[in-house]
Amino acid sequence: LRHGGHYAFCGMVHPDSQLSTLTGETIIRKCLTIRGVHNYTPWNLSEAVGFLEEFMHDLPFDSVLSPMSFSLDRIDEAFAEAFTGRHCRVVVNCNDH
């Protein structure tokens, strides 16, 4: 995050959720704003998808996704890849069979 940046967390309600390398020192020195969101509504998901569509060419979303995608019939492989911790999110393509 850049100096003075804002970061919103949603969907990280698992007790083992961690913020990677983000430290208290980083938050203080960079004057970051962090907000947690819980119990979001279906319209929030629609807004999030709209945000991704609008900024897909402007922001480095690829940097947080697995470079490969998995079809649903390879879901066990997708979970195995997720458990390695190499990627923030592993891509599962529900349209591939």
Side-chain angles (χ1 to χ4, degrees):
L1 287 172
R2 67 173 192 218
H3 185 77
H6 296 258
Y7 200 83
F9 288 99
C10 61
M12 290 183 55
V13 295
H14 190 277
D16 293 333
S17 298
Q18 296 183 8
L19 300 180
S20 184
T21 60
L22 186 62
T23 65
E25 178 190 18
T26 301
I27 294 167
I28 302 299
R29 289 188 184 273
K30 287 189 164 187
C31 300
L32 301 178
T33 299
I34 298 177
R35 176 174 296 244
V37 180
H38 192 277
N39 293 336
Y40 45 91
T41 64
W43 65 266
N44 296 124
L45 180 57
S46 177
E47 284 184 337
V49 170
F51 175 85
L52 293 173
E53 288 175 337
E54 182 177 350
F55 294 103
M56 63 194 278
H57 300 294
D58 302 321
L59 297 172
F61 295 123
D62 288 342
S63 68
V64 297
L65 302 174
S66 62
M68 73 294 281
S69 66
F70 297 88
S71 58
L72 283 177
D73 61 348
R74 295 177 56 212
I75 195 71
D76 290 338
E77 292 174 59
F79 276 108
E81 184 65 28
F83 289 135
T84 68
R86 290 188 289 242
H87 318 289
C88 291
R89 293 289 183 260
V90 172
V91 178
V92 175
N93 187 338
C94 297
N95 295 320
D96 286 349
H97 301 297

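We count residues from 1, following the sequence as given.
- Linking ILVMFWY side-chain heavy atoms closer than 4.5 Å, directly or via other members, places Val91 and Val64 in a single hydrophobic cluster.
- The CD atom of Glu47 lies 7.5 Å from the OG1 atom of Thr41; values are rounded to the nearest 0.5 Å.
- Taking NE2 from His3 and OG1 from Thr26, the interatomic distance works out to 12.5 Å, rounded to the nearest 0.5 Å.
- Side-chain heavy atoms closer than 4.5 Å link hydrophobic residues (I, L, V, M, F, W, Y) into clusters, and following such links, even through other members, never connects Val49 to Phe51.
- Atom SG of residue Cys94 and atom CG of residue Leu72 lie 4.5 Å apart, to the nearest 0.5 angstrom.
- Of all heavy-atom pairs spanning Ser69 and Arg74, the tightest one is O-NH1, 3.9 Å.
- The local environment of CG in Asp76 is sparse, with at most 12 non-hydrogen atoms from other residues, nucleotides or ligands closer than 6.0 Å.
- Note: Asn93 CG to Phe70 CZ = 12.0 Å, rounded to the nearest 0.5 Å.
- Arg2 CZ to Leu32 CG: the interatomic distance, rounded to the nearest 0.5 Å, is 10.5 Å.
- More than 12 heavy atoms of other residues, nucleotides or ligands sit less than 6.0 Å from atom CZ of Phe61.
- Side-chain contact between Phe83 and Val90 is absent, with no heavy atoms from C-beta onward closer than 4.5 Å.
- To the nearest 0.5 Å, atoms CD (Glu81) and OG (Ser66) are separated by 6.5 Å.
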